[in-house]
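Written out below as structure tokens is the structure these notes cover.
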Amino acid sequence: MIDDHTLLSTLFIGKQIPFFILPEIGRFYPLDAQELNIISSIFGISADIFYIFSGIFAFILICCVFFALNRFLRNKIHSLFWILIILFSPAFVTSFLRLFVPEKLESVFFAIFIFSFIRFCDTDRFIFFVSALISANFALYYKEVAFIMLGGFCFFYILFSYKQKNKNPKILSLLLLFSCVVWVVAYYVFVLSIKTTSGNYGDTPYNAITVFFKNIINYTLSEPFLFIGIFALLVFRFYLVSFKHFKINPILDSALIASALHSLAYFALNIYSFHYPLPAYIFGIIPLAFYLREYFKYLFVKFLIAICAFVWLFNAFPAFIYQFNHYKAVPNNFANTIDFITSYIHKNPHTSIYLDGVNRASSGEVYHSFIKNLEFRSIDDFDMKSDLPIDNILLGVEDPLSKYSVFKSNDVISKKSGDLVVWTPYSTKSLDSSNYELLFYSDYGFNIPFLGIKSILKSIIIASKKDLVLSDNISMLPIHFSVYKVK
């Protein structure tokens with residue numbers, strides 16, 4: 001529900017989804033969701049159709065990565081195991097169960113690229129040259145950090161393969177490095193040259209060092225094989241090559257570095273979300289799988305596997321279960337809630353609505369989702385209000401022209417009798433419903449909490465230093481939606 005309201009102002013009223021170029025916050029990901037324009041023009045506008053194609057895209061990704069893995073592992077069971085690591089990752093499920101996530105198609109095109117590049121190195125067939133070149137160029141324009149990963153891979157492949165007689169893969173890599181330069185020029189032309197503000201996406205009013213370490217912990221707990229395994233293996237490979245005179249593998253070592261560079265880019269940007277790491281899997285999973293098996297005799301590698309497996313089992317996999325259930329259930333509960341509120345406002349005009357525990361600044365998109373969906377149903381005789389002070393001065397900018405109190409000013413407005421209170425998964429605190437009357441409850445899906453290492457850590461931090469935690473909602477519930485009326 002976070003981004004899906006974009007459909008209401010585009011495809012649902014006969015308009016195309018625009019290219020996502022937002023200079024004021026430094027964003028340039030023009031191809032995101034463009035596939036929805038193509039799909040809807042052929043098959044019509046249907047959530048079922050959109051998700052069928054998401055399934056097709058997932059199948060393409062899985063096939064390409066599987067064959068790339070098996071090229072090095074030479075064992076279908078081992079290759080399948082690592083495919084399951086991707087499939088059961090929070091990054092994968094979040095990307096493929098949401099519509100407006102650029103990492104989804106970015107990862108698909110990178111999967112086609114890595115498969116094609118490996119096949120081109122093996123066969124020297126022109127078809128794989130073309131598919132690698134085209135797919136990589138498509139991937140570049142889905143997310144800004146893509147050029148770092150692709151450029152890193154191509155640069156180090158050229159560096160590591162200088163002794164190889166076949167020059168064609170190096171020519172392909174040079175062309176792709178040029179594509180990365182073109183992307184940088186395009187970013188300057190379409191973003192930097194017309195940007196008039198100093199703000200960037202992900203700017204935070206909080207202590208940058210604190211946010212940095214929180215992001216590292218979040219990434220490590222969500223995707224341990226990427227953020228522990230890849231970096232540890234990179235150090236281990238450097239040691240083996242530099243001091244034990246192991247040979248460099250141009251493809252595997254370039255892919256290992258490229259995956260690490262992708263992760264480092266998000267550290268540098270100091271932003272976190274479940275879906276961000278998915279493309280790093282496409283490059284990182286192949287050297288990760290190969291080297292962990294190849295070096296299993298080393299105690300260091302056995303310890304590394306044990307640590308990654310422990311974190312995966314007790315945090316990453318629970319996060320996968322939570323995210324899967326969340327994105328299967330929440331859209332349905334949200335739609336049911338919008339239907340109820342629509343009917344209620346028809347009978348009770350001039351209603352004020354509060355999203356309990358949802359901050360208008362850090363979670364402004366949730367308010368926009370409710371507003372856009374109600375407006376799409378021709379409901380305009382309502383107001384959205386908030387009784388919480390803003391929690392982010394950079395995002396909580398007042399809009400005097402807004403018709404809704406929640407955005408017009410940052411004033412805290414207390415609830416009064418007759419107001420509606422909606423309880424959602426985006427609440428940052430527990431609900432005190434003692435003064436409320438329950439009007440509606442949508443219970444689609446399972447009300448499964450998130451329970452893992454992260455939730456234990458948050459509980460400990462809240463007990464000792466509460467100001468370090470923005471949300472008291474450790475379990476990330478409810479998945480179900482409730483609508484109350486203030487007595």
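Atoms considered below: every heavy atom in the structure, side chains included; atoms not considered: hydrogens, waters and symmetry mates.
Side-chain contact annotation: Thr94 with Gln323, donor-acceptor N/O pair under 3.5 Å present. In the model, Ser179 has a side-chain atom that pairs as donor or acceptor with a side-chain atom of Asn137 under 3.5 Å. Side-chain contact check for His5 and Asn373: no donor-acceptor pair (N or O, by modelled atom type) lies under 3.5 Å.
Nearest heavy atoms, Leu288 versus Gly229: CD1-C, 3.9 Å. In terms of heavy atoms, Leu176 sits closest to Cys154 at CB-SG, 3.5 Å. Closest approach of Lys416 and Ser352 over heavy atoms only: NZ-OG, 4.3 Å. For the pair Met149 and Pro279, the tightest heavy-atom approach, listed with the atom from each and the gap, is CE-O, 3.4 Å. Here the closest heavy-atom approach between residue Phe407 and residue Gly364 is recorded as CZ-O, 4.0 Å. Among all heavy-atom pairs drawn from Thr424 and Pro478, the shortest one is O-CD, 3.3 Å.
By the 30° and 60° cut-offs, the orientation of the rings of Tyr266 relative to Tyr276 is parallel. Between Phe227 and Tyr219, the ring-plane angle classifies as parallel under the 30° and 60° cut-offs. Using cut-offs of 30° and 60° for the angle between ring planes, the Phe113 and Phe283 rings count as tilted.
The ring of Tyr404 has its center closer than 6.0 angstrom to the ring center of Phe382. Residues Phe334 and Phe370 place their aromatic rings such that the two centres sit under 6.0 Å apart.
Side-chain N or O atoms of Asn315 include one that pairs as donor or acceptor with a backbone N or O of Ile453 at under 3.5 Å. No donor-acceptor pair closer than 3.5 Å links the side chain of Arg98 to the backbone N or O of Asp4. Remark: the backbone N or O of Val366 is not paired with any side-chain donor or acceptor of Ser363 at under 3.5 angstrom. Using modelled atom types, no side-chain atom of Ser386 and backbone atom of Arg360 make a donor-acceptor pair closer than 3.5 Å. No donor-acceptor pair under 3.5 Å is formed between the side chain of Glu437 and the backbone N or O of Lys487. Side-chain N or O atoms of Ser427 include one that pairs as donor or acceptor with a backbone N or O of Asp356 at under 3.5 Å.
In this structure, Lys458 NZ and Asn473 CG are separated by 7.5 Å, a value rounded to the nearest 0.5 Å. The line from CD1 of Ile112 to OG of Ser131 is 8.0 Å long, rounded to the nearest 0.5 Å. To the nearest 0.5 Å, atom OG of residue Ser107 and atom CZ of residue Phe96 are 6.5 Å apart.
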**Prompt:** So Asp380 and Glu375, side-chain contact (heavy atoms from CB on, under 4.5 Å) or not? Walk me through it.
**Reply:** CA-CA 6 Å; Asp380 55 11; Glu375 288 179 339; 5.6 Å; no
**Asked** Checking side-chain contact (heavy atoms from CB on, under 4.5 Å) for the pair Leu221/Val311: CA distance, chi angles, key distance, verdict?
**Response** CA-CA 6 Å; Leu221 293 178; Val311 177; 4.0 Å; yes
**Request:** Please step through side-chain contact (heavy atoms from CB on, under 4.5 Å) for the pair Leu7 and Leu99, ending with a clear verdict.
**Result:** CA-CA 10 Å; Leu7 294 173; Leu99 294 178; 3.9 Å; yes
Only pairs under 3.5 Å count here: list side-chain donor-acceptor contacts from residues 29-46, not counting sequence neighbours, and write none if there are none.
residue, atom, partner, partner atom, Å
Gln34, OE1, Asn37, ND2, 3.0
Gln34, NE2, Ile17, O, 3.1
Gln34, NE2, Pro18, O, 3.1
Asn37, OD1, Ile17, N, 2.8
Asn37, ND2, Ile17, O, 3.0
Ser40, OG, Leu36, O, 2.8
Ser40, OG, Asn37, O, 3.1
Ser41, OG, Asn37, O, 3.3
Ser41, OG, Ile38, O, 2.7
Ser46, OG, Asp48, N, 3.3
Ser46, OG, Ile49, N, 3.4

Pairs under 3.5 angstrom only: tabulate donor-acceptor contacts from the side chains of residues 181-191 to other protein residues two or more places apart or in another chain.
residue, atom, partner, partner atom, Å
Trp183, NE1, Leu140, O, 3.3
Tyr187, OH, Gly26, O, 2.7

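By the 6.0 Å and 45° rule, Lys385 does not stack over the aromatic ring of Tyr354.
Counting only heavy atoms from C-beta outward, the side chains of Thr351 and Tyr344 approach each other to under 4.5 Å.
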